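As structure tokens, the structure follows; a few thoughts come after it.
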Amino acid sequence: MIIKNVVCPFCGSLCDDLTVEVEGNEIKNVDNTCKLGYNKIVGYSHGRIEAPLIRDKEGLKEISYDKAIDEAAKILCNARRPLMYGWSSTTCEAIEKGIELAIKIGSLIDQTATVCHGPTTLGIQEEGKPSCTLGEVKNRADLVIYWGCNPFHAHPRHMGRYSTFTKGYFTNKGRKDRKIIVVDVRESDTSKVADIFLKIEPGSDYKIINALTSIIIGNGDILPEEIGGISKDRLEYIAGEMVNANFGIVFFGLGVTMTGVKDKNIGSLSRLVKELNRNTKFSLMPMRGHYNVSGAGNVFTWLTGFPYAIDLSRGYAYYNPGETTANDVLARKEVDAILVVASDPVAHFVNPSIRRLAEIPLIAIEPYTSATTELADLIIPVAISGIEADGTAYRMDEIPIRVKKFIDSKFKSDLEILTDIINRIDRYE
Amino acid sequence: MNELIIKNGIVFDPLNNIKDEKKDICIRDGKIVDDVKNPKILDVNGLLVFPGGVDGHSHIAGAKVNSGRLIRPEDGRRSLKPKTSITMPSSGYSVKNVFSEGYDYSIMGYTTVVEPAMPPLSAIHTHEELRDIPMLDKLSLTLFGFNWFVMGYVSRGEIDKLAAYVAWMLKRTRGYGIKIVNPGGGENWKWGKNVDSLDDQVIHFGVTPREILNDLMKVNEILDLPHPIHVHTNKLGQPGNYNITVDTMKLASGFETQRGREPLHITHVMFSSYGGENWKTFDSKADEIAREVNSNKFITVDVGQLMFGDTTTMTADGYLEFNLQKLTGFKWSNSDTELETGGGVTPVIYSPTVPVNVIQWAIGLEAALLINDPYQVWLTTDHPNGAPLTRYPEIISLLMSKEKREKEILQVNNAVNKRAILPSLDREYEWNEIAIITRAAQANSYQLRDKGHLGIGADADVTIFDIKPNEIDPSKDYDKVEKAFSAAKYTIKGGEIVVKDGQIVKVVSGKTYWTNAEFDEYYELIEDDLKDWFANYYTVNLDNYGVNDVYLTNPCMIRTNPTIGSRVRLA
Amino acid sequence: MKKKRVKLITGRTIEQGMFIEHKTSKEYFDATATCFMNERLIKELDIEDYVKVNTDIASIVLRAEREKGIPKDLIFIPMGPWANFILNIDIGLSGMPSFKGVDATIEPTDDRPLELKDLIGLYKG
Ligand SMILES: [Zn+2]
């Protein structure tokens, strides 16, 4: 069977034009996909955890699903300061259920933006987010700036489908109609296709963004001759390109959110884009990593009022990044149990946080052996959303698309497992 | 059988011409009935009884609202309330979380609310939030005002295809009706520009706002849609815009409809009733607007009342938000949506010491007081644009009491005496008129036959306020009025008591209405265009576009009788 | 032994992403237990195949790989368990640890990178 218009459950580009060939209950082939999506979809059946596992002194041993739900409910109910973490690679429906559980048990809940675009959130909470959908870029953008991001590696089809090589209504010559600028600290496969590559000193983003803003608002005379490794002349030239564009966009990645003054970088980028809109049309878009990290932020926000790093122990949502963010509550050794859904924090958190993860009961709802399952005390295998379970996901531009199920799984989905845990806790109460 | 009788209430039910009558109301299985056998008895002994409240324009769900919540954690922190044994945690003052939206409306006696700006491409998002809002029945209006298909069909005069497209889109987005924001101008904003009059050209598309409005009004009628075209006028929020508003209203003049409702609704008219040439010469033209409404039976408006304090503004009119942000310097978000629509969000502080804000405050009240027929003017704050929804009780008390208005006028900038006419207006709303502008008019305009009244067969949505209309004088006891409308004694939703003494006592999940205006072979008319444009210009596949019923709580499809269909053939 | 101060940045690579669901695979190990450095830096320190990277919190041994476009005072490690072993919590109050622009020193080594299981084992006890 050939299934068309399948949505790729890998990165924030959320390409929805894949063709998957399924025979029996197996995937034979995937077309229109990048290497990342191909490996995830074709490789979906390799290395799966086959049954619920619990750790005792000798190691992991199999238990029944029912017993696993029981153990999970017990761990969460007995915890005084539980944390529920992950969410960016599952459906919005599962995330909603997760928040319901967090409210029920008075848990901390955080999502992967905390080690990704968390500073973006803080930056736009200062300055706002002048943005647009990817189709606006496709149809209109004559200037595209990739700042601190490398779509060739992290979002391989982004440039082809949305932002550089694609043709659109007002850009019917595609790449020829667009000027491409890349800003990064090192050369990358993306910088190789740029018209202009600005190789900046590490950590100098903030200075350079603000220098561009100064030039654009007419205060360029106060600037020194060189900023962050770039000459003032060259910055003036870039500012000119920005002002003269009909429709410009800055895509930015972790090179900006993780560097130097982090959230302040994003605030200043937003301010730069705001100023540019006095002269022309300009937008800003974070290159979101996981396919539904944007959905996680959205669901968190409409249900609790806040996008991540939420403490529900008081009965209401308390939000204070830097205090309630996952790495902080772990490194402070506050957390005494953790439920991980659709994420691998042991691979992506920092050393002091992982040390705490090793000390406390860790439940992982996870399809594969991962760094996190190496430390987990209870592992519940799960169907893979976007392949074996359907539901809603949000693209990096906040556009919701329903991901498909095209393989039947013997495992329950994140949504079903979380529902079972909630029901089990209800039975205890 | 689930029966309830509300005894001895003083009932105002304008759509059934019941006014100030001591009358029992019988309820069985969620509906109003003529008698009951074994009911639970609710003796409300002289208290004020209204049909459940209907808010016809309130931004409660979708991308813009969530972007407001996202950029304003400081607003989220303002009204934090912990969960209870039955309710979920609340947050937010002007941009509330979904739970708080449902609870706060219900506590004030509202039972039906319309989300008036659904971007088609993110319609799933709007419906996900609507699904999660408890306590209320819900509708949403789909945005069409600067959509490429619409402008293309208008420019080529293909009215049948336009009708087919609107019908398809309403079904695909589970929308209830046509919303038009800054017709044509929104497309120009995508190049950083706007339109200045009804006859300005949309860049590249060769159409004008006038043509877009006229054709969509025709299509609205051809498709027999329940609600008028719902219009946010061009130049909204700009000094001197009352001219274009009056011009827009005149488009509907003489336009008869099958359903006997108006063909055109002008929303949050306060923001469109501005005089002056700039912010320095800014003044109220509510009188001009009211004059047009009073002489033009073919339009309705809603107020969009502004109240002092801070709030969050959000609209599909991105140009407006950008300009507001230029005045305030506050944070600003924009969201242009491919081929369809756009939007912006920015916080604002309305101050009683700032002349412009004081005049804006006066304009809303003036419009409500100067328009004679209350069925032509619903009460809204354009939540949260003019003020958060929780400010309704205060506005009701202002409309009911000249004394309260005089007291307020003394507190605010003197501009109100020079560049507004509020101080000279004596009218005081009566209970019956309040019931119309908060219930009957809106139910009527949306043709929600089971809403906004208490006749036999209506949905048993009832509000009982803790006030005895025959024992108080609202023009003097305005504080009591405000207090009573802030917290219903009882809110009954679908026959169940959901609020008692201003507290949520039962959490329910409402219905979602949408309009199906399909006609024979409507899809064939537009199929090639859809396939072509989706393949070339959209970034989402046609197959993956739109909403299905899994996102709707208790979906209710309204079927219409389009006067088009089998007789329509392509030339 | 020669030692040098550098700035460490971590980030995504396509290989890291391709095998992210298969963390115990050889491909993931090859993709992430690796340090990308400028050729001149490798020469200067006489690094052969392996490099030891030290930060304020820990040290790790990685396979050293040449990369042309990277500045001489910068090293790049793909995001993952090996990179993160030497990253610390941040004091910046944004809740975001520093994954880029971290102060580090590097030196040649004859040791080999740990397998995932052994690396994670270091966190226990
Ligand atoms: Zn509105």
Side-chain angles (χ1 to χ4, degrees), chain A residues 10-11 35-36 38-40 43-44 46-47 114-115 118-119 122 150 152-154 156 185-188 191 199 202-203 253-255 257-263 289 309 321-328 331 344 346-355 357-358 367-371 374-375, chain C residues 7-25 27-28 32 36 38 55 57-58 60 67-71 73-74 76 78-102 116-117 119-125:
Chain A
F10 193 94
C11 83
K35 287 182 191 169
L36 297 173
Y38 182 88
N39 265 30
K40 176 161 182 179
Y44 85 102
H46 297 296
T114 203
V115 288
L122 298 179
N150 187 6
F152 258 96
H153 281 243
V185 295
R186 58 177 188 125
E187 276 172 43
S188 68
S191 73
K199 189 169 173 178
L254 304 185
T257 68
M258 287 178 167
T259 313
V261 287
K262 296 172 185 166
D263 49 302
E323 181 195 353
T324 53
T325 17
N327 277 285
D328 295 274
D344 190 0
V346 175
H348 300 126
F349 279 6
V350 291
N351 184 311
S353 316
I354 302 171
R355 285 194 188 283
L357 290 175
Y368 302 107
T369 304
S370 68
E374 291 292 323
L375 284 183
Chain C
K7 287 277 186 199
L8 158 65
I9 56 175
T10 70
R12 296 182 203 282
T13 68
I14 193 143
E15 293 78 15
Q16 166 266 331
M18 281 168 67
F19 303 103
I20 193 165
E21 309 286 17
H22 302 287
K23 296 242 170 50
T24 52
S25 68
E27 288 87 349
Y28 186 73
T32 55
F36 293 89
N38 189 296
T55 64
I57 190 158
I60 193 141
E67 189 186 287
K68 279 209 191 88
I70 195 164
D73 50 356
L74 212 63
F76 176 86
M79 62 187 276
W82 285 268
N84 290 17
F85 187 74
I86 54 172
L87 296 177
N88 204 347
I89 199 80
D90 191 38
I91 49 159
L93 285 182
S94 68
M96 171 70 123
S98 284
F99 291 99
K100 293 183 193 281
V102 175
L116 181 73
K117 222 178 180 48
L119 175 70
I120 303 302
L122 296 177
Y123 288 112
K124 296 181 191 166

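Residue numbering restarts at 1 for every chain, and letters A, B, ... go by the order of the sequence lines. These figures come from a predicted structure and were not determined experimentally. Heavy atoms only: backbone and side chains are in, while hydrogens, waters and symmetry mates are out.
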A:Lys35 with C:Glu15: basic N within carboxylate O range, under 4.0 Å: no
Greatest number of heavy atom pairs closer than 4.5 Å to chain A - which of C:Ala58, C:Ala83, C:Pro81: C:Pro81
Chain C interface, residue from A:Lys40, A:Lys199, A:Met258 that has the most non-hydrogen pairs under 4.5 Å: A:Met258
C:Glu21 side, atom CD; A:Phe10 side, atom CZ - distance, nearest 0.5 Å: 6.5 Å
Part of C:Ile9 lying under 4.5 Å from any heavy atom of chain A: side chain
Flag, side chain of A:Asn351 to backbone of C:Phe85, donor-acceptor distance under 3.5 Å: yes
Over all atoms of both residues, closest heavy-atom pair of C:Tyr28 and A:Ala347: OH-CB, 4.5 Å
For A:Ala154, all residues meeting side chain to side chain contact (heavy atoms under 4.5 Å, CB included), sequence neighbours excluded: C:Arg12
Spacing of OH belonging to A:Tyr368 relative to NE2 belonging to C:His22, to within rounding of 0.5 Å: 5.0 Å
Segment of A:Ser191 engaging chain C (4.5 angstrom heavy-atom cut-off): neither
Among A:Val261, A:Thr324, A:Val185, A:Val346, residue most engaged with chain C (heavy-atom pairs, under 4.5 Å): A:Val185
Check against side chain to side chain contact (heavy atoms under 4.5 Å, CB included), A:Asn39 and C:Phe19: CA-CA 7 Å; A:Asn39 265 30; C:Phe19 303 103; 3.4 Å; yes
Toward chain C, the part of A:Tyr38 with a non-hydrogen atom under 4.5 Å: neither
Heavy-atom pair of closest approach, residues A:Arg186 and C:Pro71: CB-CD, 4.0 Å
Which atoms of A:Asn327 approach chain C - backbone, side chain, both or neither, heavy atom under 4.5 Å: both
For A:Pro156, all residues meeting side chain to side chain contact (heavy atoms under 4.5 Å, CB included), sequence neighbours excluded: A:Cys34, A:Leu36, C:Ile14
pair A:Leu254-C:Lys100: side-chain heavy atoms closer than 4.5 Å: yes
Pairwise side-chain contact, C:Phe99 with A:Thr257, heavy-atom cut-off 4.5 Å (strictly under): no
Best-contacting candidate, C:Lys7, C:Gln16, C:Glu67, against chain A by heavy atom pairs under 4.5 angstrom: C:Glu67
Heavy-atom pairs under 4.5 Å with chain A, option from C:Leu119, C:Asp73, C:Ile57 with the top count: C:Ile57
C:Pro97 vs A:Val115 side-chain heavy atoms within contact, under 4.5 Å: yes
Under 4.5 Å from any heavy atom of chain C - which part of A:Phe152: backbone
Donor-acceptor side-chain pairing of C:Ser98 and A:Lys262 below 3.5 angstrom: yes
Spacing of CG belonging to C:Leu87 relative to OG belonging to A:Ser353, to within rounding of 0.5 Å: 10.0 Å
Whether C:Asn84 side chain and A:Val350 backbone form a donor-acceptor pair below 3.5 Å: no
Max heavy-atom pair count under 4.5 Å with chain C, selected residue of A:Ile354, A:Thr325, A:Thr369: A:Ile354
NZ/NE/NH1/NH2 to OD/OE distance under 4.0 Å, A:Glu187 and C:Lys68: no
Minimum heavy-atom distance A:Arg355-C:Leu122, with the two atoms named: NH1-O, 3.8 Å
